[in-house]
Amino acid sequence: MKCHICKGGGVFDLIHHNLKVCESCFLKFFKRKVEKTIKNLKLFDKKDKLLIAISGGKDSMGLWNLLCELGYEVDGIYMDMGFGEYSLKAKEKVEKLGNKLSKKLHIINFKEKEKFSLKDFLKYTNRAPCSLCGLVKRYHLNEFALKKGYDVLITGHNLDDEASVLLKNVLHWELEYLGRQAPFLEAMEGFVKKVKPYIFCYEKETLIYALISKLDYLREKCPYSENSKNRRLKMALHLLEDSTPGIKLNFMKIFLKKRHFFTPLRERELRELVKSCKLCKYPTDREICALCTIRERIKYESSNCK
Ligand code: SF4
Ligand code: ZN
């Protein structure tokens, strides 16, 4: 198998791009692709104060490493969700990478922040673990980034993650979520700008990058990932991709072109809709935000149990 770019011995078959590449051409191709996404979509530039959410997995760890290679100054933030051995190992690996890159790493501990564990929270809500975990992370990472004056919060969501969320939103015709699904969400009152530079990168590519770069990322799966609905949707998309290479990328790109059809709320209307949570001041469209609703329920139930 020959590399299509340098004609040397090829190694990786990127069938979705109809491209076979050797290790060094893959690195150049992949870096260029991410840099193009950052520039074309105006995600951020070198003057911005950048923060990346790191989970310990190949995507966020790889993206942190890659952004540093591209010359961006990016601090990391790890949210310790208290999932026992899994979270301890993840934290260790994130700290190791932070030291290797000589970048600042912030750590937020869920139990210290909320006084209860995620398991306690789960008892008082109908949300699935991943939905609750996502809610809590979005809340605390956004709050932290704003408090510390960061311009942009970066996450390592790849094409497979985003395409499975898109499929879920299409299957349920979630028009509001479809209108909000984007590679970036601009900053607005109470919200820091959020961006996803890996949006057009297949998981296969982010894995190859992490392996070639010899990153010591967490191989174990989160204890809650087995039952996640997104996992099943990802498997369905893998089957489609096997028979029609490139379909995931097309699905996402065409959606982004036509996304304006699904945007029921213009930014101005959205701004008018946003109020501050009466309890924590976090932006919400209700009187009390989703997280405070669960906090209040826990407080009420635990005081009744005494
Ligand atoms: Fe959170 Fe679910 Fe991811 Fe585990 S798999 S870290 S619970 S979102
Ligand atoms: Zn609140």
Side-chain angles (χ1 to χ4, degrees), residues 52-63 76-94 107-111 113-144 146-147 153 155-158 160-165 168-169 177 181 189-191 194 196 198 203 206 217-235 273-300:
I52 182 168
I54 307 288
S55 66
K58 65 181 186 325
D59 298 326
S60 55
M61 299 270 275
L63 185 55
I77 180 160
Y78 171 72
M79 177 135 193
D80 184 346
M81 297 299 290
F83 296 159
E85 190 64 18
Y86 171 82
S87 294
L88 289 176
K89 268 198 184 165
K91 189 168 151 226
E92 218 180 277
K93 295 194 183 290
V94 172
I107 295 180
I108 311 181
N109 185 293
F110 176 78
K111 200 164 177 190
K113 278 264 164 201
E114 296 289 344
K115 313 283 178 278
F116 291 92
S117 68
L118 192 87
K119 266 194 183 160
D120 294 323
F121 267 60
L122 280 170
K123 287 184 215 152
Y124 299 103
T125 171
N126 293 330
R127 282 177 184 263
C130 290
S131 157
L132 180 61
C133 175
L135 171 77
V136 164
K137 280 184 182 162
R138 280 194 300 277
Y139 182 102
H140 284 291
L141 296 178
N142 181 66
E143 184 187 64
F144 183 90
L146 283 180
K147 210 161 94 191
L153 177 64
T155 56
H157 295 97
N158 61 39
D160 295 52
D161 299 326
E162 289 300 299
S164 64
V165 174
K168 183 176 86 185
N169 289 337
Y177 289 144
Q181 191 170 356
E189 192 61 39
F191 291 109
K194 298 186 183 82
K196 299 168 185 171
Y198 265 178
E203 186 162 15
T206 65
Y217 64 86
L218 192 69
R219 262 74 170 174
E220 289 87 339
K221 291 260 171 265
C222 164
Y224 291 110
S225 69
E226 278 305 304
N227 295 321
S228 124
K229 272 191 204 147
N230 265 18
R231 204 167 160 261
R232 293 195 287 274
L233 291 169
K234 272 187 183 177
M235 280 158 62
L273 199 81
V274 172
K275 311 177 222 175
S276 282
C277 167
K278 273 191 174 167
L279 300 174
C280 73
K281 307 276 179 266
Y282 189 78
T284 175
D285 54 0
R286 322 175 191 177
E287 294 297 302
I288 294 177
C289 76
L291 191 56
C292 282
T293 308
I294 310 172
R295 285 169 175 158
E296 287 304 291
R297 216 171 288 152
I298 295 193
K299 258 197 257 161
Y300 175 79

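For ligands, and for the atoms within them, numbers begin at 1 and follow the listed sequence. What's counted below: heavy atoms across the whole structure, side chains too, no hydrogens, waters or symmetry copies.
Within the 4.0 Å heavy-atom criterion, the part of Lys137 lying near ligand 1 is the side chain and not the backbone.
Note: Phe121 and Phe110 meet the aromatic proximity criterion, with ring centroids under 6.0 Å apart.
Looking only at distances, a side-chain donor or acceptor of Thr293 sits under 3.5 Å from a matching main-chain atom of Cys289.
Atom numbering of ligand 1 starts at 1 in the shown order; those under 4.0 Å from a heavy atom of Cys133 are 1 (Fe), 6 (S), 7 (S), 8 (S).
The pair Asp80-Lys111 does not meet the salt-bridge criterion, since no charged nitrogen lies less than 4.0 angstrom from a carboxylate oxygen. With respect to Glu296 and Lys299, a salt bridge is recorded, a charged nitrogen being found less than 4.0 Å from a carboxylate O.
Residue contacts to atom 2 (Fe) of ligand 1: Cys222 brings no N, O or S atom closer than 2.8 Å.
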